Amino acid sequence: MKKFLIITLILFVVNLPAYSWHKKEKPTLILSSYDPRQLSYDEKIEPVSIFKTNERIYFMIYNPEGFKSDYIKYQIIKQEDNAHVGGFTRERNVTCRLNNKNQYIDYFVLPRKGKYFIQIFDITNLNQWLTIGAFRVTDE
């Protein structure tokens, strides 16, 4: 029993750096139909998930810990309505340079209605997205 406690204590101390004692904040993604740069300090950003075709869709990603590099990649992926498995097509695949170490703001326009996803990656790790968001584009 004594050996078991000692081994457990040693394993805990060795793995101590792997445990996070503070809450690590993840990047935040906001989709909007208006430019967040044009807002005054008092105005609140209202996220939107339904947009019209050929409308500007602004997105802002904010990373409180800062990005690892000066570039991010974002992908716009469309899910086909009648596909059960698969049925995903990549609409956009853009690599862009950051002006600010903690946030990035841009927009895109989609001409077809459907269900879409936006994935944002740090260029240093393209295997795991930083954040992902779902939205819909309609004809209305």
Side-chain angles (χ1 to χ4, degrees):
M1 182 69 176
K2 191 174 184 180
K3 286 183 181 181
F4 175 74
L5 290 174
I6 291 173
I7 291 172
T8 305
L9 182 62
I10 290 171
L11 289 174
F12 178 73
V13 171
V14 168
N15 290 326
L16 192 58
Y19 295 105
S20 175
W21 298 106
H22 67 318
K23 184 179 178 184
K24 186 175 180 180
E25 293 187 40
K26 295 187 177 192
T28 303
L29 174 68
I30 298 174
L31 295 168
S32 176
S33 58
Y34 53 87
D35 191 351
R37 294 172 286 208
Q38 303 298 324
L39 298 176
S40 68
Y41 184 74
D42 297 344
E43 292 180 276
K44 182 179 174 185
I45 298 175
E46 292 290 333
V48 180
S49 62
I50 300 175
F51 300 94
K52 295 178 183 167
T53 56
N54 297 318
E55 176 185 21
R56 284 187 175 185
I57 302 171
Y58 288 91
F59 70 95
M60 180 178 84
I61 179 169
Y62 174 72
N63 190 354
E65 296 178 358
F67 296 100
K68 294 179 183 175
S69 71
D70 292 338
Y71 293 91
I72 63 168
K73 178 183 284 285
Y74 70 88
Q75 295 178 343
I76 310 295
I77 298 170
K78 183 177 192 284
Q79 180 182 6
E80 300 301 328
D81 290 334
N82 57 0
H84 295 287
V85 178
F88 294 97
T89 56
R90 188 179 302 144
E91 297 288 320
R92 298 233 183 358
N93 190 20
V94 180
T95 301
C96 29
R97 184 177 175 88
L98 299 171
N99 293 331
N100 186 329
K101 199 66 173 166
N102 289 6
Q103 74 177 9
Y104 181 76
I105 300 172
D106 201 356
Y107 74 91
F108 53 89
V109 177
L110 296 172
R112 297 184 301 159
K113 67 177 186 172
K115 184 175 181 180
Y116 292 88
F117 298 95
I118 180 170
Q119 304 180 85
I120 300 179
F121 300 89
D122 195 323
I123 202 72
T124 58
N125 185 4
L126 297 176
N127 295 322
Q128 178 61 46
W129 40 261
L130 294 172
T131 185
I132 189 168
F135 61 97
R136 201 169 267 287
V137 175
T138 63
D139 283 336
E140 300 171 356

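Heavy atoms only: backbone and side chains are in, while hydrogens, waters and symmetry mates are out. Just so you know, these numbers come straight off a predicted model, no measurement behind them. Sequence positions, counted from 1, serve as the residue numbers for this chain.
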Stepwise, does the ring pair (Phe, Tyr, Trp, His ring centres under 6.0 Å) test hold for Y74 with F59?
-> CA-CA 11 Å; Y74 70 88; F59 70 95; 4.7 Å; yes
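- Residues Y71 and D122 come closest through the heavy atom pair O-OD1, 3.7 Å.
- To the nearest 0.5 angstrom, C96 atom SG is 8.5 Å from I120 atom CD1.
- Residues F108 and I72 share a single hydrophobic cluster, defined by chaining ILVMFWY side chains whose heavy atoms lie under 4.5 Å apart.
- Distance check: K78 NZ to T89 OG1 gives 6.0 Å after rounding to the nearest 0.5 Å.
- Summarising the geometry of P64 relative to K26, their closest heavy-atom pair is CD-O, 4.1 Å, with the distance given to 0.1 Å.
- For R90, the side-chain hydrogen bond (donor to acceptor under 3.5 Å, both in side chains) criterion is met by no residue, not counting sequence neighbours.
- L126 and I132 fall within a single hydrophobic cluster, where Ile, Leu, Val, Met, Phe, Trp and Tyr side chains are chained together by heavy-atom contacts under 4.5 Å.
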Could you walk me through whether N63 and N102 pass side-chain contact (heavy atoms from CB on, under 4.5 Å), step by step?
-> CA-CA 5 Å; N63 190 354; N102 289 6; 5.6 Å; no
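- Screening F51, Y34, Y58 for a ring-ring contact (aromatic ring centres under 6.0 Å, His included) involving Y107 leaves a single residue, Y58.
- Looking at V137, I57, N54 one by one, the single match for side-chain contact (heavy atoms from CB on, under 4.5 Å) with V109 turns out to be N54.
- Of the possible donor and acceptor atoms, none in the side chain of D70 sits under 3.5 Å from a partner among the backbone N and O of R97.
- The CD1 atom of I61 lies 9.0 Å from the CG atom of L98; values are rounded to the nearest 0.5 Å.
- Minimum heavy-atom separation, L130 to F121: CD1-C, 4.0 Å.
- Applying the 6.0 Å contact sphere to NZ of K101 captures more than 12 heavy atoms from other residues, nucleotides or ligands.
- A distance of 6.0 Å separates CZ of R136 from NZ of K115, quoted to the nearest 0.5 Å.
- A pairwise comparison of heavy atoms in S69 and I123 identifies OG-CG2, 2.9 Å as the closest pair.
- Here the shortest heavy-atom pairing between S49 and A134 reads CB-O, 4.3 Å.
- The two residues Q103 and F67 have their closest heavy-atom pair at N-CE1, 4.0 Å.
- No hydrogens or angles considered: a donor-acceptor pair under 3.5 Å links the side chains of T95 and K73.
- You'll find the side chain of I50 reaches within 4.5 Å of the side chain of T138, heavy atoms only.
- Qualifying side-chain hydrogen bond (donor to acceptor under 3.5 Å, both in side chains) partners for Q75, counting only residues two or more places apart in sequence or in other chains: N93, Q119.
- Ring centers of F135 and F117: at least 6.0 Å apart, outside the cut-off.
- The existence of a salt bridge linking E91 and R112 is confirmed by a sub-4.0 Å separation between a basic side-chain nitrogen and an acidic carboxylate oxygen.
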Does the salt bridge (Lys or Arg N to Asp or Glu O under 4.0 Å) test come out yes or no for D35 and R56, once each step is laid out?
-> CA-CA 9 Å; D35 191 351; R56 284 187 175 185; over 6 Å; no
